[in-house]
There are 2 protein chains.
Amino acid sequence: MFQPARGTRDFLPEEMLRRNWVLDRIREVFEAYGYEPLGTPAFESWEMLKIKSGEDAINQIYYFRDKSDRELGLRFEWTASLCRVVASHRELPRPFKRYAIGPVWRYERPSEKRFREFWQADVDVVGVADPIADTEVLAVAVDCLKRIGFEGFIIRLNDRRILEAFVELVGLPKERSLDVFRAVDKINKIGVDGVMEELRNAGASAEASTRLLELTALKGRPEATIEETRELLKGLPVGLSGCDALASIAGYAAAFGIEPYLMVDLSLARGLDYYTGPVFEVYAEGFKEYGSISGGGRYDELIELFGGEPTPATGISLGIERIVPLLERKGAFEGLDLGPRVYVASASDAVRAKAIEVAQMLRRSGIAADLDLMSRSLTRQLDYANRRAIKKVVIVGEREFREGCVAVRDMETAEQRKVKLEELTRSL
Amino acid sequence: MFQPARGTRDFLPEEMLRRNWVLDRIREVFEAYGYEPLGTPAFESWEMLKIKSGEDAINQIYYFRDKSDRELGLRFEWTASLCRVVASHRELPRPFKRYAIGPVWRYERPSEKRFREFWQADVDVVGVADPIADTEVLAVAVDCLKRIGFEGFIIRLNDRRILEAFVELVGLPKERSLDVFRAVDKINKIGVDGVMEELRNAGASAEASTRLLELTALKGRPEATIEETRELLKGLPVGLSGCDALASIAGYAAAFGIEPYLMVDLSLARGLDYYTGPVFEVYAEGFKEYGSISGGGRYDELIELFGGEPTPATGISLGIERIVPLLERKGAFEGLDLGPRVYVASASDAVRAKAIEVAQMLRRSGIAADLDLMSRSLTRQLDYANRRAIKKVVIVGEREFREGCVAVRDMETAEQRKVKLEELTRSL
């Protein structure tokens, strides 16, 4: 028997209906905010994919050659393709607010929580330097999460320029910034000792490392934390501009309705190297230990790297593979009625054609209706409807049909009533 | 500047909105018929992909090795993955009615009409041997096409067993059937002389080829054509069972509402080798020269090939890359309003936060609203809304807002009216 390839999964209907329900709600919110879909191919030229990827990412790309020996790779996230399109389509409006929902692929060690094919839903704003755009994408993410059943949130917020200033402040070489960010980012995973060791490997003295860990330990509600950070960064203009950005986000956040969730956390770095300003992660309250379910940041230099005009941009990504299991754990899908609403049963073989006509009438008026295709007895048809948790069965019987009627059976109460055919659609 | 990889395309928002509109309508119809989604990965093991593929198909598969030297390939259609799942999940209900919508990949010579990444939307019924299932999937395809704006249809219908009987009848060896089917299938593309040559290459005498072309030239409305075919196939039980299947489809077709479109056409073979019974193709009236926009057939032996129990199955596929351009040509998208409905403009900088609040209120009540993120002047905000064809602009002004009001401007008539904030959502 064949299995899905290692690290990939099948989604059987029940799970797939839930995933689609989540993705549809997310798309509704994306569109409610005026974001528009952009479609890009599943594979891209290897040359392009390499551009923004650190070494880790490159190692994770599914690389292959086509039959003309062209070097290609499966997309491992959505941002590179967006930058390629923006760089080559200068006619796109500013701001360009785009969304993308679909699978991405990474060759990672598979585990219960990590897959080689996983879905991401992204919104990005291209062309806006002001932190209003960062705030909007955060509001989009929070509204998506609310729409699908999450309630409280914690938004961890930092700015890359604050971290860069810290690197300068403790006397570490600028070119090691990325290693330093990566080490600091792991504090919740590997603890202080682990980070100290990674910093030592990155060439930091014990003194510098200790100081850095002290600085990045600062966190709290925006106003006070930003104030304290400004004190630390006196005379370091790059770092202070990071503080300004965070203050600006906190300012807009009230109008966007996400202010209560903000938490400045100077240890947040987000591994990927292309961020240039604010970075952020969203956690669901009560599920913080499961990690962030959404994250992103500003990447003002990336579009230029892909050959475009220098263009500010920011975006956020929702991790579908983390979100769906948490919703299941929350019981958010219970009571959701996602399958067909009606089953049309034939009381006898003589009325099978009539049953088809009734089903067609319902389907064409937008009511999802299933139908016996296996010449089963009425009892077995009812069994089948029951097993599929269909709540209403329309029973087509010979005598009733001649009178222009059918029976509608409520599968929960087992009550049955006679309904005129012309009233059937309305009555369901 | 980077381009999409050869044979692949980007879909900019305008086109993507239309594609999504089409896909959403198709999904609605699939679900109205009680079909359920099944999710399978973009790549599968090479060993599995090879099973049902003729040599042509194998050559077209995007093959690659992952970093553990595992042999993989991108899916080139949906049926193989369906068969794999059915073979290994014996708990699935019977019938199992599943749909799948998404991209598939083939390494074909790219042209204006042929791409290396293209979308297919499939429905299949697993577990039903009776032609009611073939009729239902045809009805699903027709209803999808109606739902998105097509009107008249031609359904070409044949049965593989009739063709097999013809091969026997003209004295050709059974093991060349597939080559013969493939040749006959091309009659509309390469003409009689072309088919004669292909048949000669497949080892057929001129006499046998001529006779075969005569036989397969038969076409017309079901009743008479099936009758005539029965005459030809007297004493050939396999061929006659093909006739029975077609007659049965024609019988059910009336109840399903697709009878007027049926046309038996004995030259229809459909290249792929796995079909075992009825095969069918759907054409849009007035666009026949663009080729079929949907097609499928019965494959009762395939699931066994994938290691499952012997299980009858049939299905149909809608070719999204053919459908969307035809709809554009028909003007089916004109007047469709797919972007955001409302733009929220700030009359001055003093009210920007208020404008955000108004936009958030609309978005949260489900009204798609865009908002200025670039501190543009009111005139430039109206220009932008105009360029994006947004029909209504809500203008937030300082004085009016203090009175609890905003102005709503109709961008087509340039009329402007004052609306109370608490009535805004309802008034749009």
Side-chain angles (χ1 to χ4, degrees), chain A residues 1-2 4-6 8 10-13 16-17 20 31-34 36-45 48 62 64 66-67 70 72 84-85 87-89 93 95 98 103 107 117 125 128 132-133 136 255-257 306-307 339-340 353 356-357 360 363 366 368-370 373-374 387-388, chain B residues 1-2 4-6 8 10-13 16-17 20 31-34 36-45 48 62 64 66-67 70 72 84-85 87-89 93 95 98 103 107 117 125 128 132-133 136 255-257 306-307 339-340 353 356-357 360 363 366 368-370 373-374 387-388:
Chain A
M1 211 70 81
F2 295 101
R6 186 166 153 79
T8 68
D10 297 319
F11 296 106
L12 297 185
M16 194 67 182
L17 283 167
N20 282 349
E31 295 191 343
Y33 275 83
E36 295 192 306
L38 174 71
T40 55
F43 53 78
E44 298 267 6
S45 76
M48 184 216 106
Y62 275 93
F64 62 102
D66 72 9
K67 291 182 172 75
R70 210 171 270 115
L72 301 168
R84 176 179 58 68
V85 170
S88 59
H89 288 274
R98 92 86 179 76
Y107 189 77
E117 173 175 79
V125 180
V128 179
I132 188 175
E136 186 175 90
F256 276 105
F306 283 82
I356 296 174
E357 283 170 26
Q360 291 298 90
R363 290 160 172 178
D370 206 352
L373 298 180
M374 301 188 83
R387 237 178 313 127
R388 286 198 64 189
Chain B
M1 210 71 81
F2 295 100
R6 186 165 154 79
T8 69
D10 296 320
F11 296 106
L12 298 185
M16 195 67 183
L17 283 168
N20 282 349
E31 295 191 343
Y33 274 83
E36 297 191 306
L38 173 72
T40 54
F43 53 77
E44 298 267 6
S45 77
M48 185 217 104
Y62 276 94
F64 63 101
D66 73 7
K67 289 183 172 74
R70 209 171 270 116
L72 302 169
R84 175 179 59 68
V85 171
S88 60
H89 289 274
R98 91 87 178 75
Y107 187 77
E117 173 176 78
V125 180
V128 180
I132 190 174
E136 186 176 271
F256 276 107
F306 283 82
I356 296 174
E357 284 171 24
Q360 291 298 89
R363 291 161 171 176
D370 206 354
L373 298 178
M374 302 188 81
R387 239 178 312 128
R388 285 199 65 189

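Lettering follows sequence order; numbering is per chain, from 1. Computed from a predicted structure; not experimentally measured.
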Among [options], single out the residue with the greatest number of heavy-atom pairs under 4.5 Å to chain B.
options: A:Ala5, A:Ala32, A:Pro93, A:Gly34; result: A:Ala32
options: A:Gly339, A:Ala368, A:Pro37, A:Gly307; result: A:Pro37
options: A:Ser88, A:Ala353, A:Ala133, A:Pro95; result: A:Pro95
options: A:Pro13, A:Ser45, A:Ala87; result: A:Pro13
options: A:Arg388, A:Glu44, A:Gln360; result: A:Gln360

Would you mind telling me which of [options] has the largest number of heavy-atom pairs within less than 4.5 Å of chain A?
options: B:Met374, B:Glu31, B:Arg387; result: B:Met374
options: B:Pro41, B:Ala369, B:Gly257; result: B:Pro41
options: B:Glu357, B:Arg70, B:Arg98; result: B:Arg70
options: B:Met1, B:Met16, B:Arg84; result: B:Arg84

_Carboxylate-amine/guanidinium contact B:Asp66 A:Arg6, below 4.0 Å_ = no
*Hey, can you tell me if B:Phe43 and B:Phe64 have their rings parallel, tilted or perpendicular (30° and 60° cut-offs)?*
perpendicular
Please flag which part of [X] lies under 4.5 Å from any non-hydrogen atom of chain B: side chain, backbone, both or neither.
X: A:Pro340; answer: side chain
X: A:Leu38; answer: both
X: A:Glu117; answer: side chain
X: A:Tyr107; answer: side chain

Approximate separation, where rounding is to 0.5 Å, of [X] [atom1] and [Y] [atom2]:
X: A:Thr40; Y: B:Phe11; atom1: OG1; atom2: CZ; value: 10.5 Å
X: A:Glu36; Y: B:Leu12; atom1: CD; atom2: CG; value: 10.5 Å
X: A:Asp370; Y: A:Arg363; atom1: CG; atom2: CZ; value: 6.5 Å

*Let me know if B:Leu373 has heavy atoms under 4.5 Å from chain A in its side chain, its backbone, both or neither.*
both
*Counting only heavy atoms closer than 4.5 Å, note whether B:Pro103 contacts chain A via side chain, backbone, both or neither.*
neither
